[in-house]
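Have a look at the structure below, then the notes.
This one's a predicted model, so the numbers in the text were calculated from it and none came from an experiment. Below, each value reflects all heavy atoms present in this structure, side chains not excepted, and no hydrogens, waters or symmetry copies. Chain identifiers are assigned alphabetically (A, B, ...) following the order of the sequence lines, protein sequences preceding nucleic acid strands; residue numbering begins at 1 within each chain.
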Protein chains: 2
Amino acid sequence: MADKWSLLVIALLDRHTMRFSELRRAIDGVSQRMLTVTLRHLERDGIISRTVYPVVPPRVDYELTPLGMSLHQVIKSLVTWTEEHQQEIAAAHAAYDERVAREEPELVSPRRG
Amino acid sequence: MADKWSLLVIALLDRHTMRFSELRRAIDGVSQRMLTVTLRHLERDGIISRTVYPVVPPRVDYELTPLGMSLHQVIKSLVTWTEEHQQEIAAAHAAYDERVAREEPELVSPRRG
DNA sequence: CCGAATCCTAACGGATACTG
DNA sequence: CAGTATCCGTTAGGATTCGG
């Protein structure tokens, strides 16, 4: 449950219960299929609970379980770490890519050392 | 860098510097290719550093950078959470699977409700 | 010993159409 | 509205081979 959709679902449900279509609208770019798959996985892991109201039109609410809430605390520290260090990471990327760019050319054109 | 190989590499390197083949032996089931790919990603993200000793046979050491060490602290809380709650999760799996098993049959054999 | 490159298969994930 | 089922392109990742 460490994929990106799960993280977003957990973050959103921490604030309040949400319906399927609310989640779909709130999570930009998620397909209906992936949201369904994600919600099933989280439900199976006991992170969220699913409540079906036998009304028409159908209504299904999702909410974090106590287990899910405790997981959210842990996840937040990961998110915080990422936010705090993303500049360092970007700098590391730039440094790494430049290093590679300086070393590659020798191999593709070794004509006359 | 949240995949399972990366997590294991970070956990191992937290104790001490390791060579490529040491990591390969220590991480059960990792292919040479995936270990290489994983190490490159971690290096690019600035999580580990790579030191090549120009000797024969070649020797390459990997170690955690300060950034990597700080990440490890965060990861540990995730690992700890997983260990502490894996029984709850297993129970949730069993409960979910049983629920599904009780509901599915109606659909495949609805003969004579 | 360390790693790059190639090949190939399985899983992931989007788009679409259909159901209750 | 809230799914399920199907098709299908993309990618992850193992096995293998070659190079420094």
Side-chain angles (χ1 to χ4, degrees), chain A residues 1-9 12-13 17-45 48-63 96-97 99-110 113, chain B residues 1-9 12-13 17-45 48-63 96 99-101 103-110 113:
Chain A
M1 63 250 192
D3 57 298
K4 75 176 192 179
W5 300 136
S6 296
L7 260 46
L8 289 167
V9 167
L12 285 167
L13 289 185
T17 293
M18 288 178 84
R19 300 182 55 174
F20 185 88
S21 48
E22 286 180 311
L23 286 167
R24 184 142 155 63
R25 275 192 301 274
I27 302 176
D28 193 63
V30 72
S31 65
Q32 186 186 43
R33 182 181 176 281
M34 283 317 296
L35 182 54
T36 301
V37 170
T38 298
L39 291 170
R40 288 294 175 281
H41 281 157
L42 291 174
E43 187 193 357
R44 182 165 187 267
D45 288 342
I48 64 175
S49 66
R50 177 170 176 269
T51 310
V52 182
Y53 298 96
V55 297
V56 40
R59 176 198 176 101
V60 181
D61 279 2
Y62 294 92
E63 65 182 323
Y96 180 91
D97 292 347
R99 243 180 295 148
V100 173
R102 276 205 316 278
E103 290 162 11
E104 290 280 316
E106 315 168 16
L107 302 173
V108 279
S109 96
Chain B
M1 63 250 192
D3 58 298
K4 73 176 195 180
W5 300 136
S6 297
L7 261 47
L8 290 166
V9 167
L12 285 167
L13 289 185
T17 293
M18 288 178 84
R19 302 183 54 175
F20 185 88
S21 47
E22 286 179 309
L23 285 167
R24 184 142 156 65
R25 274 192 301 273
I27 302 176
D28 193 63
V30 72
S31 67
Q32 185 188 44
R33 182 181 177 282
M34 283 318 295
L35 183 54
T36 301
V37 169
T38 299
L39 291 170
R40 287 296 173 281
H41 282 156
L42 291 174
E43 188 194 357
R44 183 164 187 269
D45 287 342
I48 65 175
S49 67
R50 177 169 176 268
T51 310
V52 182
Y53 297 96
V55 297
V56 39
R59 176 200 176 99
V60 182
D61 279 2
Y62 293 93
E63 66 181 322
Y96 180 90
R99 243 179 295 149
V100 173
E103 290 161 12
E104 289 280 317
E106 314 168 16
L107 302 173
V108 279
S109 91

Excluding sequence neighbours, so at least two apart, what forms side chain to side chain donor-acceptor pair (under 3.5 Å) with B:Arg40?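 Result, side chain to side chain donor-acceptor pair (under 3.5 Å) vs B:Arg40: none returned.
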Got a sec, which residues hit side chain to side chain donor-acceptor pair (under 3.5 Å) with A:Arg25, two or more places apart in sequence or on another chain?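 Testing A:Arg25 for side chain to side chain donor-acceptor pair (under 3.5 Å), a comparison that skips the adjacent residues, returns none.
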At what distance, to the nearest 0.5 angstrom, does [atom1] of [X] lie from [atom2] of [Y]?
X	Y	atom1	atom2	value
B:Gln32	B:Leu35	CD	CG	8.0 Å
A:Ile27	A:Glu22	CD1	CD	11.5 Å
B:Arg99	A:Glu43	CZ	CD	5.5 Å
B:Ile48	B:Leu39	CD1	CG	4.5 Å
B:Asp3	B:Leu42	CG	CG	7.5 Å
B:Arg59	B:Arg19	CZ	CZ	4.5 Å

Might you point out which heavy atoms bring A:Met34 and A:Thr38 nearest each other, and give the distance in Å?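 Taking every non-hydrogen atom into account, O-OG1, 2.7 Å.
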Which heavy atom in B:Met18 sits nearest to a heavy atom in B:Leu12, and how many Å separate them?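 Closest approach of B:Met18 to B:Leu12: SD-CB, 3.9 Å.
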Are the side chains of B:Val30 and B:Leu23 in contact, using a 4.5 Å heavy-atom criterion?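 No, their side chains stay 4.5 Å or more apart.
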Evaluate side chain to side chain contact (heavy atoms under 4.5 Å, CB included) for A:Val9 paired with A:Tyr62, printing each intermediate quantity in order. CA-CA 10 Å; A:Val9 167; A:Tyr62 294 92; over 6 Å; no
Tell me: [atom1] of [X] to [atom2] of [N], nearest whole Å?
X	N	atom1	atom2	answer
B:Met34	C:dA4	CE	C1'	15 Å
A:Leu35	C:dG14	CG	P	11 Å
B:His41	C:dG3	NE2	C1'	15 Å

Close approaches to DNA chain C from residues 19-32 of chain B, in residue order (heavy atom, under 4.0 Å):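 Result for residues 19-32 of chain B: B:Arg19, B:Phe20, B:Ser21, B:Gln32, sorted by number.
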Give the intermediate values and the outcome of side chain to side chain contact (heavy atoms under 4.5 Å, CB included) for residues A:Thr36 and A:Phe20. CA-CA 8 Å; A:Thr36 301; A:Phe20 185 88; 3.6 Å; yes
Could you tell me whether the phosphate oxygens of C:dG3, OP1 or OP2, come under 4.0 Å of any side-chain nitrogen or oxygen in B:Arg50?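 So the side chain of B:Arg50 is within the cut-off, an N or O lying under 4.0 Å from OP1 or OP2 of C:dG3.
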To the nearest 10 degrees, what angle separates the axes at the start and end of the helix from C:dC1-D:dG20 to C:dG20-D:dC1, five pairs each?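 The helix from C:dC1-D:dG20 to C:dG20-D:dC1 shows an end-to-end axis angle of 40°.
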I'd like a table of atom pairs between the protein and nucleotides 6-11 of chain C - only N or O on both sides, under 3.5 Å - with the distance next to each one.
none

Remember a base hit wins even if backbone is also touched, and classify B:Tyr62 as base, sugar-phosphate or nothing at under 4.0 Å, heavy atoms.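 B:Tyr62: backbone/sugar contact only, no base atoms under 4.0 Å.
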Range on DNA chain D touched by chain B, heavy atoms, distance below 4.0 Å: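 It runs D:dG13 to D:dG20.
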